[in-house]
Chemist: 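My questions all concern the structure below.
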Amino acid sequence: MHVRCPDRLPEEAFRQVLEELANLSPVVQALPPTAALVDLRGALRFHGVDDRRLGEILRIRTISRLGVDVRVGIGPSITIAATASSQVDLPGGVLAIAPEDVTGWLGPLPVDALHGIGPRQAAVLRDYGIHCVGLLAALPPATIQRLLGGKAGRLAANRARGIDPRPVVPRALPASASVRCSFDEHTLDGAVVRAALLQLVVRLGTRLRGRGQAARALTLTLKFAGGGSWEKTRRLPASSAHEDDLRQLAYQLMDAAALQRGRLTGLVLKGEDLIDADQAPRQLSLDDTREARLAAETAIDRVRTKFGPRVIGPAAVFRRAS
């Protein structure tokens with residue numbers, strides 16, 4: 001079963017959907033930010049119903065308990081289930097594909113509807129007259145590999161034929177940590193906003209190091225006057241909790257917003273896909289300046305622990321007294 005939640009679903013609501021899935025089957029794989037996989041083999045025997053009925057039960061529960069409608073695709077493999085869920089019309093519904101119906105159902109679908117085929121791959125295939133999944137499945141695998149490349153071609157050839165041996169691997173939603181700030185007045189000043197973002201970086205880095213965690217990605221949310229918002233996520237080159245690394249990516253996210261006259265009311269910075277710090281790679285950079293900053297960061301953390309979080313930090317985050 002492949003489950004798609006509404007776009008931009010809050011993380012807490014997504015976690016609640018995952019809990020509902022866990023009540024149906026113990027084998028649930030979270031696919032952040034808003035999708036999940038469920039292995040139904042044991043669940044069908046336990047609940048004594050067919051797969052479509054189980055999908056309908058899930059949908060009724062998420063709507064009645066959480067106010068969240070979902071699109072559910074069910075099939076003999078991950079590819080079929082994910083393709084089926086993408087064909088369910090909004091706001092939600094259930095589409096179950098029996099193993100004997102896979103070939104006939106996949107054939108007429110547009111080639112870009114097949115799960116795993118990206119826009120660029122679909123454009124290449126259409127340039128060669130391959131407009132539907134049935135035509136893709138009829139091609140020799142060697143031909144598809146020449147068009148899309150070795151690995152991508154093999155995967156596309158297999159998935160067009162309904163072949164996907166991947167299992168559902170139980171995985172919970174990765175932990176996250178967020179910090180936020182609000183402006184007393186609508187803010188246009190770039191220096192003020194950049195200083196507030198730097199302060200969030202310091203708070204997030206301090207929190208992660210205090211927890212013994214490192215982030216693999218950052219999400220920046222900008223809140224505007226009138227209730228609008230802008231959000232973007234980027235992954236770090238390597239998981240980190242160091243302020244230097246977090247600051248560089250946070251500034252890149254802010255630059256990506258390309259603000260001109262946007263009146264900001266607040267910022268939210270979230271560390272995503274957290275892991276234990278001892279799992280983060282540690283490699284000497286041979287950069288004396290960076291190594292000195294990391295050593296200073298450890299000393300600064302001890303000062304903050306003893307005297308409070310705001311006794312020391314970057315000069316830009318402290319406002320002048322006059």
Side-chain angles (χ1 to χ4, degrees), residues 1-106 109 113-117 155 158-159 161-176 216-217 219 233 270 272-275:
M1 177 191 291
H2 187 274
V3 180
R4 296 177 189 266
C5 300
D7 292 339
R8 297 186 179 278
L9 185 71
E11 181 180 313
E12 183 57 34
F14 183 42
R15 290 184 184 275
Q16 292 174 338
V17 172
L18 293 178
E19 290 175 3
E20 293 296 335
L21 295 177
N23 290 333
L24 296 180
S25 170
V27 186
V28 177
Q29 180 178 347
L31 302 174
T34 56
L37 287 167
V38 186
D39 190 331
L40 295 181
R41 287 174 294 184
L44 294 177
R45 292 192 295 269
F46 179 81
H47 294 284
V49 296
D50 62 18
D51 49 11
R52 180 176 178 81
R53 179 58 180 163
L54 207 57
E56 293 171 346
I57 290 173
L58 170 67
R59 189 177 175 219
I60 291 172
R61 288 181 178 179
T62 59
I63 293 174
S64 61
R65 297 176 181 178
L66 309 177
V68 176
D69 204 349
V70 295
R71 294 182 291 160
V72 180
I74 301 170
S77 69
I78 290 176
T79 293
I80 302 305
T83 303
S85 67
S86 71
Q87 298 302 300
V88 177
D89 294 332
L90 291 171
V94 179
L95 178 58
I97 308 300
E100 61 272 17
D101 298 332
V102 166
T103 301
W105 178 74
L106 276 181
L109 291 180
L114 182 64
H115 182 70
I117 299 293
L155 290 176
N158 287 335
R159 292 175 181 178
R161 295 169 173 81
I163 301 171
D164 186 356
R166 292 176 297 169
V168 178
V169 180
R171 187 177 70 177
L173 184 65
S176 63
R216 289 174 171 166
T219 296
T233 301
K270 180 186 293 186
E272 305 270 17
D273 201 0
L274 304 185
I275 61 172

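One is the number of the first residue; the rest follow in order along the sequence. Treat the numbers as computed from the prediction; the structure is a model and nothing was measured.
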Chemist: Are Glu56 and Arg52 within salt-bridge range, i.e. N to O under 4.0 Å?
Modeler: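 Salt bridge between Glu56 and Arg52, a charged N being under 4.0 Å from a carboxylate O: yes.
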Chemist: Tell me, please, which residues at least two apart from Ile63 pass side-chain contact (heavy atoms from CB on, under 4.5 Å).
Modeler: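 For Ile63, the residues satisfying side-chain contact (heavy atoms from CB on, under 4.5 Å) (neighbours in sequence not counted) are Arg59, Asp69.
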Chemist: Compute whether any side-chain donor of one residue and acceptor of the other, for Ser85 and His2, lie under 3.5 angstrom apart.
Modeler: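 Present: a donor and an acceptor within the cut-off.
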Chemist: Show the nearest heavy-atom pair for residues Ile97 and Ala84, with the distance to one decimal.
Modeler: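 Heavy atoms only, the tightest pair is CG1-CB, 4.2 Å.
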Chemist: Yes or no on side-chain contact (heavy atoms from CB on, under 4.5 Å) for Ile163 and Arg159, after CA distance, side-chain angles and deciding distance?
Modeler: CA-CA 5 Å; Ile163 301 171; Arg159 292 175 181 178; over 6 Å; no
Chemist: Say you draw a straight line from CG of Asp39 to CG of Leu44; how long is it, rounded to the nearest 0.5 Å?
Modeler: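 Asp39 CG to Leu44 CG: 9.0 Å, rounded to 0.5 Å.
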Chemist: Quick one: pull up OG1 in Thr233 and CG in Asp273 and give me the separation to the nearest 0.5 Å.
Modeler: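 The CG atom of Asp273 is 11.0 Å from OG1 of Thr233, to the nearest 0.5 Å.
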Chemist: Taking Val169's backbone N and O only, do any of them form a donor-acceptor pair with Gln29's side chain (distance below 3.5 Å, no angle check)?
Modeler: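 At least one qualifying donor-acceptor pair exists.
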Chemist: Before giving the answer on side-chain contact (heavy atoms from CB on, under 4.5 Å), spell out for Val88 and Val72 the whole-Å C-alpha distance, their side-chain angles and the decisive distance to 0.1 Å.
Modeler: CA-CA 7 Å; Val88 177; Val72 180; over 6 Å; no
Chemist: Which heavy atom in Leu18 sits nearest to a heavy atom in Ala36, and how many Å separate them?
Modeler: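 Reported closest heavy-atom pair: CD2-CB, 3.7 Å.
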Chemist: Side chains of Arg216 and Leu274: does their closest heavy-atom pair fall under 4.5 Å?
Modeler: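 A side-chain contact is absent here, since even the closest heavy-atom pair is not under 4.5 Å.
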Chemist: From Ser77 OG over to His115 NE2, what is the distance, rounded to the nearest 0.5 angstrom?
Modeler: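 NE2 of His115 is found 9.5 Å from OG of Ser77.
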Chemist: Hey, could you give me the CZ/CG distance between Arg61 and Leu66, rounded to the nearest 0.5 Å?
Modeler: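 With rounding to 0.5 Å, CZ (Arg61) is 11.0 Å from CG (Leu66).
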Chemist: Would you name the heavy atoms of Leu114 and Leu106 that are closest together and state the gap between them?
Modeler: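 Closest heavy-atom pair between Leu114 and Leu106: CD1-CD2, 4.1 Å.
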Chemist: Does Arg166 have more than 12 heavy atoms from other residues, nucleotides or ligands lying within 6.0 Å of its CZ?
Modeler: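 Buried by this count: over 12 neighbours within 6.0 Å.
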Chemist: How far apart are the closest heavy atoms of Val102 and Gly162, and which atoms are they?
Modeler: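 Minimum heavy-atom contact is CG1-CA, 4.2 Å.
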Chemist: Between atom CZ of Arg71 and atom CD of Gln87, what is the distance when rounded to the nearest 0.5 Å?
Modeler: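 Reported to 0.5 Å precision, the distance equals 9.5 Å.
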Chemist: Hey, are Glu20 and Thr62 close enough side-chain-wise for a donor-acceptor pair under 3.5 Å?
Modeler: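 Their side chains do not contain a donor-acceptor pair, so the 3.5 Å distance test is not met.
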Chemist: Could you please spell out the steps behind the side-chain contact (heavy atoms from CB on, under 4.5 Å) verdict for Leu9 and Val68?
Modeler: CA-CA 9 Å; Leu9 185 71; Val68 176; 4.0 Å; yes
Chemist: Is there a side-chain contact between Leu40 and Leu54 in this structure, where contact means two heavy atoms from C-beta onward sitting under 4.5 Å apart?
Modeler: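 Yes, close enough: below the 4.5 Å cut-off.
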Chemist: Testing the 3.5 Å rule here: is there a donor-acceptor pair between the side chains of Thr79 and Asp164?
Modeler: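 Side-chain D/A pair, Thr79 to Asp164: present.
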Chemist: Give the minimum heavy-atom separation between Asp51 and Ala96, together with the two atoms involved.
Modeler: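 In this case the closest contact between Asp51 and Ala96 is OD1-CB, 4.4 Å.
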Chemist: Under the side-chain contact (heavy atoms from CB on, under 4.5 Å) rule, what do Ser86 and Arg4 come out as? Steps first, then yes or no, please.
Modeler: CA-CA 8 Å; Ser86 71; Arg4 296 177 189 266; 3.5 Å; yes
Chemist: Going by heavy atoms in the side chains, are Ile74 and Val94 under 4.5 Å from each other?
Modeler: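 Yes; the side chains approach each other to less than 4.5 Å.
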Chemist: When you measure from the side chain of Arg171 to the backbone N and O of Ala30, does any donor-acceptor pair fall under 3.5 Å?
Modeler: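 Yes.
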Chemist: Minimum heavy-atom separation for Trp105 and Leu95, please, with both atom names.
Modeler: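 Smallest heavy-atom distance, with atoms named: CZ2-CD2, 3.8 Å.
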Chemist: Are Phe14 and Cys5 side-chain neighbours, meaning at least one heavy-atom pair lies under 4.5 Å?
Modeler: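 A side-chain contact under 4.5 Å exists here.
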